[in-house]
Each structure stands twice: as C-alpha cells, then as structure tokens.
Number of protein chains: 2
Amino acid sequence: MITTTSDLAQKLRQAGYKLTGSRLAVIEVLETHPEHLDHNQILAAGKKIYPHLSRATVYRTMELLVELDLFRPLYLSDPTQRFISASGGHHHLVCSKCGAIFEFENCHADQLSRELAEKYNFEIRSHLLEFQGICQNCR
Amino acid sequence: MITTTSDLAQKLRQAGYKLTGSRLAVIEVLETHPEHLDHNQILAAGKKIYPHLSRATVYRTMELLVELDLFRPLYLSDPTQRFISASGGHHHLVCSKCGAIFEFENCHADQLSRELAEKYNFEIRSHLLEFQGICQNCR
DNA sequence: CTAGCTGCAAAGACTTTGCAAAAGT
DNA sequence: ACTTTTGCAAAGTCTTTGCAGCTAG
C-alpha cells in the first residue's frame, strides 16, 4: 500500500487503478511542472524519479489520464502532443519562427463561451486562445 | 506558359516557382474548399483533378505555401496537420468525443490582440480561439 | 494469490529524403 | 537547353501493440 498526498494519485486509485512506481513518477512530474509537457519531457523528468520508467508506460499513463478527463492533449505549432490540465482556459502567444510560448491570463472568453454553449447546444469544458506571430527576439 | 486566374497561382509564379500540373491541382483544391484540409484530403481531391499527383508532392507543395506565408498549419484535436489561410482569425468548437467542428464568427479578440502586441512586443498575425467540449449529438 | 501493469522489442503509421526521369520556362 | 519539379521507394521518426515476467493490493 503506497501512501501519497497527491491529488492525481487519489483520483487514479479511486478509479480502480494501481499506484505503481511508474505512475507515481509520471504524476509527480505533472504536478510539479505547470508547463505543457510532451511525452519526451515527461519521460526524461520521470526517469530522474524512477529510473526504470519506459517510454511505452509514459504513453499509456497519459492515455489513461486523458481518458479519466484529468488531462487534455494540446497541439501547438507542431504535431507534438502535449498535455494540460483538463479544465479551464489556456492562453498563449506562439512565435511562428522560434516556437517560443508566452502565457497570459485574463482572456474575456467567458461571456462568449456562454453564448456559444446555448447557440450550439454544446457543453463547453475548456478553451484555448492562441495568438500566432513573431516574437520580440525574432523580429 | 500555363494561364490561370488563380490568385495563389499568381503569387507562386511571382515568387519564382513553376506552375506545374501538380501544384495547380493542389491550389485548386485549396481554393475551392474553405475547410481545414489535411494532406490526405488534399491528395484525394487533387487526384481527381490531376490523377498523377503523388503524396510527396502534396507534402512539398504545402510546405512551400507555408513558407511563402500563404497558408498556416493548424492542429486541432489530433496530431494531423491541417491548413488554413495565413491571415485573420479562426474560431471553432471542437467536440472531444466525435471530433466534429463547428465554426463561428465574431470573436472579440481584436482589442485583446492589440494589448498583447504592445505588452509583449509581439507582431501578431493570426489567432485561434477554440472551445472544447461535447457536442449536441454526443451528449 | 491474481489481475493488472511494465519493459522490451517488433510492428504500425505518418513524414521526409535521395535519385533518376519528366516538365515548365 | 537547363534547372526545377516530380514520383517512387527507401529511410526516418514517432506511436502503438504483443507478450512474458513482475508487482500492487
């Protein structure tokens, strides 16, 4: 019986999944990194915690977390799958040249969100507002 | 000397590229389909116009159009690369279950766009506002 | 104990590239 | 003519899967 204070771990266990070393390593990485990590980054960071961690398990664990609606895949300016927490909004500026990402808050999508939910009879769970352009350094 | 009224074709020629049957087929597909097409869809539609068209040429032509800043890659809810015209805004609702996409207009990002451009010294070229959730049919 | 989980390596899917032939200008 | 472009097939990259052994509960 592994004990942990992790919120994600509790939810995994509640859903009937085992808390293995691999899964706990992945979860710890996700909980300590607010960025949008991809599989490679999760694997690299996870191996520092649990060196035996394999790539296939990272793929399978993230698939599981997405199924449980705890995380959500995100695609920025390339086909790399990244992960963000499943709820709320995500707002960034993406540089088309160098790929740099700047986060911002306070987008005003809530009002629009309600209007669209009604008009399309759509249950909105999260949103993404992305501005593309050229950053300071690349100009 | 191939003649065409196509706007995209003019721009390609002006940039010093040859107007081949393959390229004209790809361009015609893009100009007659407002949706966000992926490579497969462009290939399939292009073959109806120019049956000899190959997959590699579709990849190369789209790469070219992106380089010339005429199109822009877009990633929705999967790693498939799709293409949209390079300017302006794009707004949709994406269903996480079935992948259905609903377009809408009138997002109010212009004001925010100006604020961010100034704050981050960023040259904004286009934006994407995407709401994720569950559509009418999947509920 | 026993079902679920893991790592490995092989298979699969998608994208890119080298090259000789073909085609636009 | 001469260079760019094309189609093909091979190579490359990323993701998924089958399987035998391992582990949490």
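A note on names: the letters A, B, ... follow the listed sequences, proteins ahead of strands, and every chain is numbered from 1.
Comparing the helix axis at one end of the helix from C:dC1-D:dG25 to C:dT25-D:dA1 with that at the other, each defined from 5 consecutive pairs, gives an inter-axis angle of 40° (nearest 10°).
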Steps toward side-chain hydrogen bond (donor to acceptor under 3.5 Å, both in side chains) verdict (A:Y120, B:Q136): CA-CA 7 Å; A:Y120 290 92; B:Q136 190 163 12; over 6 Å; no

With salt bridge (charged side-chain N to carboxylate O under 4.0 Å, His left out) as the criterion, how do B:K11 and B:D7 come out once you've worked through the C-alpha distance, each side chain's angles and the decisive distance to 0.1 Å? CA-CA 6 Å; B:K11 286 179 180 163; B:D7 187 44; 3.5 Å; yes

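Looking at B:V66 and B:R72, their side chains never come closer than 4.5 Å, going by heavy atoms from C-beta outward. Residues B:H39 and B:Y59 have side chains in contact (heavy-atom distance under 4.5 Å, counting atoms from C-beta outward). Using a 4.5 Å cut-off on side-chain heavy atoms (C-beta onward), A:H92 and A:L128 make contact. Side-chain contact between B:S6 and B:E31 is present, with at least one heavy-atom pair separated by less than 4.5 Å.
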All N/O pairs under 3.5 Å across the protein-nucleotides 12-15 of chain C interface:
unit_1 : atom_1 : unit_2 : atom_2 : d
C:dT15 : OP2    : B:Y59  : OH     : 2.0
C:dT15 : O5'    : B:Y59  : OH     : 3.1

Grab the N/O contacts between the protein and nucleotides 3-5 of chain C below 3.5 Å, and write none if there aren't any.
unit_1 : atom_1 : unit_2 : atom_2 : d
C:dA3  : N3     : A:K18  : NZ     : 3.3
C:dC5  : OP1    : A:K18  : N      : 3.3
C:dC5  : OP1    : A:R23  : NH1    : 2.8
C:dC5  : OP1    : A:R23  : NH2    : 3.3
C:dC5  : O5'    : A:R23  : NH2    : 3.3

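The distance between atom CG of B:L12 and atom P of D:dT4, rounded to the nearest whole Å, is 16 Å. In this structure, OH of A:Y50 is placed 12 Å from P of D:dC22, rounded to the nearest angstrom. Following rounding to the nearest Å, A:R60 (CZ) and C:dG7 (P) show an atom-to-atom distance of 8 Å. Rounded to whole Å, atom P of D:dC14 lies 18 Å from atom CE of A:M62. Between the CD atom of A:Q14 and the C1' atom of D:dA24 there is a distance of 18 Å, rounded to whole Å. Regarding B:L19, its CG atom lies at a distance of 16 Å from the C1' atom of D:dT3, rounded to whole Å. Rounded to an integer number of Å, the gap from NE2 of A:H52 to P of D:dT23 is 8 Å. With rounding to whole Å, A:K47 atom NZ is found 13 Å from C:dT6 atom C1'.
Expressed to the nearest 0.5 Å, how far OG of B:S113 lies from CZ of B:R125 amounts to 13.0 Å.
Between A:H36 and A:H90, the ring centre distance reaches or exceeds 6.0 Å.
A donor-acceptor pair is defined here as one N or O able to donate and one able to accept, closer than 3.5 Å; no such pair exists between the side chain of A:T61 and the backbone of A:V58. In this structure a side-chain-to-backbone donor-acceptor pair under 3.5 Å is missing from B:R82 to B:P73.
Between B:F131 and A:H127, the ring planes are tilted. Angles from 30° to 60° get that label.
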